[in-house]
Amino acid sequence: MLFHLIKIHSIRFKLIASLIAVSLLIGLISILVGGNLLYQSVLDEANNRIRQDLNVARVIYDERADTVRLALAITASATEFRKAVASDSRMIVSEALRDLSDRLKLDFLGLTDARGRVTNRYGAAGPEKTPLLSANPLVLRVLEEHKTVAGTMVLDGDKLLAENPSLANQAYINVHAVPETTDAATRQDTVALTIGAAVPVFADGHPAGVIYGGYLLNRDTAIVDKIGETVFKNEVYKGHNVGTATIFYDNFRIATSVKDPSGNRALGTVASPEVTRRVLDQGEKWTDRARVLDDWYITAYEPIKDIMGKRVGMLYVGVLEAKYADVREKAIAVFTGITLAGVIVAIILGWLFTGRIMRPVSHLIRASAEISGGNFSPDVGPISKDDIGHLQKEFLIMTEALKEREKSQMAESEIRLIQSEKQASVGKLAAGVAHEINNPLTAVLTFTHMILRRKDLPDEVRSDLETVASQTERIRGIVKSLLDFSRQTVLTPEPLDINRLIEDSVRLLENQALIKGIHLSFTGDDDLPVFTLDHNQCQSVLINMIINALDATSSGGKIEIQTQKTGTADDSGVEIRISDTGSGISPDHMDKLFDPFFTTKEVGKGTGLGLAVSAGIIQRHGGTINVHSKLESGTTFTLWLPHQPINAHPETDTGQEDQS
Amino acid sequence: MKILIVDDDPIVIQSCCRILEAEGMETRTANTVKTGEKLLAENIFDLMLTGIKMPGRDGFEMIQRAKKIRPDMPVLIMTGYLTSGTVEKSRRFGVSNYIAKPFTPEELVAAVRKARSVCEK
């Protein structure tokens, strides 16, 4: 059905195809460029956001240590507590520590004396029987600097055990060996990352001890969940948390909101070697898309330094890339939709446009067909205002011209028809008359001549009889011309040198010209090919023409005959010009020139059949005959004969020839 | 010399007789093909002069019959107008010479002589 409506080469198809191509091109460019640009800007935006999110996460992380520091500082500055520490009043100290631990839910909390010996450990098995030197780095820093210290530190299994035996269990994390990270398997899995603070306790201006406390970060959920809550509002996308946060010890996850496929927190899994190298080893911040377990995230990492300034772990936040990737997919879907809509619009517009454009064209096509059919006033439809309108106007002008030409051609052929009918009827009549005259004329000629043979005729009678004889000869000439005219005799063509033919004819009439005092000349074109013509008939035409010229020209005049090759190949031929400087032909006589029996010569000098017969002969050779004349200055007859003769008209009818 | 003249027009026959007899020739005339045929069968002629267009059987019919009876007799035809068609047909029928009407006595005598000489050759 569509094939019938849309022909593959039709303008309509081409226009629609190009419109579709344009729509598709623009659409594809939009999808590729627009989709990517949009995605890129969204990605950039996401990267910016994740950097900010990481800052917020850092604040939340640091806040954890600050909270401890603040609480410890308050406790340490209390006069009662300071006195108790100075006086080693264990009861008061224990009370204060318990109070503190309950409030902050610290994982570990302890007190040392000024030399660093642990006097109290809240959460440990019990009060120390033999006070040991604290190995806690926080305490060591405070003892060294007598200043408050807060931050991250690494505690190995023993130290943890010392602080709080239950912590060792919590700290245990099974590090999932990942093939690429070969050293992961060898890692001690009970080493823990902690965050906390230590505050010196002064009594009377002298350091009396150090109070310290903190949280174990291994398996801690407080920080990562708080980040998820405050930064990412616990947003869920397709069953996944959009935002995730992780604390790494070294390169494995010790606290995270990233869930493994079974929904458990992905503890013990390791970061990618790239991230490890850039963040942990080189200390850079790192923002990019990264694969976290099975999903792609837009991630930001930064190193976590311990209180000594050593990089011990990493803080990570990430948002699910899928959420942003969907933006691209949505954009592509929208662009595709727009493109398809564009294509549909292109088809509809193309259809309508071509309809509009082609309507006048179809009109013109129909009009052309009508002209071919002979109707020269076809309906071309309303004239449109565009270029087609121009075509329509030109078309109308053309039809007008065609109409005119047709009219003039018809008139011309009508004239020709009348002419030939006239000639035919005149010819028939003439032939009939001539035949009837022939027999009596034979008798007249015979008996006149027989009488003239007699020797006894008086001179007077002889003279009269001679007149009868000569006038009878004249009749014989007229009858001969009549028959020549009426009989459109068959051509007997033969190879012919035209120049030679004209030379012969000129030679025949040279004497007559000489007598009349007329200069008769002939200039032949040497380049003429051999023509195939009827020798006798063509010669009679030439002689007739030259005689006419001689008759029209007075003494001292000139007759010039020229031949010239014309045309090439198919339309080649010869032009024979016979010009005289004679009396010329009156314009009134021009159209009767070739009529039979039309003559301007004196009675008895011409039959009025010469030109009519000549024209007939030339026409039967497929040639033309033209006259150009100016009164009192001369006439030029131009004969044209084709090189390839057109077959003679089958006008000759042998039945008529055999009349006697 | 004995000549047979065949034509439908008495004035043509009369003219021919007048000219040829003046030359001392013996003439017999026929105004139809039938008569001409009969005369040919009964007499020996030195030449036959015939017109072409005649009502009923025409000159060519006459020539055809004459050639059956006297194949060696020269034939001269008279015609109102010589066309290439007539010339061609005459040649086929074994015509010795042609003459166009109207003619002068001299022309006819010359044509007869020529026809005789053509035939003798």
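Order of the sequence lines sets the chain letters (A, B, ...), proteins ahead of strands, with each chain counted from 1. Only this structure's heavy atoms are used, side chains among them; waters, hydrogens and symmetry mates stay out.
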H449(A)/I19(B) under side chain to side chain contact (heavy atoms under 4.5 Å, CB included): CA gap, chis, key distance, verdict: CA-CA 9 Å; H449(A) 280 273; I19(B) 294 164; over 6 Å; no
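In terms of heavy atoms, A22(B) sits closest to R453(A) at CB-NH1, 4.1 Å. The heavy-atom pair separating R476(A) from F103(B) by the smallest distance is NH1-CA, 3.6 Å. Nearest heavy atom pair, residue A443(A) against residue I11(B), reads CB-CG1, 3.1 Å. When all heavy atoms are compared, the tightest approach of P102(B) to T442(A) is CA-OG1, 3.4 Å.
With contacts defined as side-chain heavy-atom distances shorter than 4.5 Å, the pair N439(A)/K101(B) qualifies. By the 4.5 Å heavy-atom criterion applied to side chains, Q14(B) and T446(A) are not counted as neighbours.
Counting heavy atoms of neighbouring residues, nucleotides and ligands inside a 6.0 Å radius, atom NZ of K2(B) exceeds 12 of them. Residue K67(B) places its NZ atom among more than 12 non-hydrogen atoms of other residues, nucleotides or ligands, all under 6.0 Å distant. Counted within 6.0 Å of CD on E436(A), heavy atoms from surrounding residues, nucleotides or ligands total 12 or fewer; the atom is thus considered open. The number of heavy atoms from other shown groups lying within 6.0 Å of CD (E460(A)) does not exceed 12.
Proximity to chain A involves both the backbone and the side chain of E106(B), based on heavy atoms less than 4.5 angstrom apart.
In terms of non-hydrogen atom pairs under 4.5 Å with chain A, the most contact-rich of T104(B), L108(B), V12(B) is T104(B).
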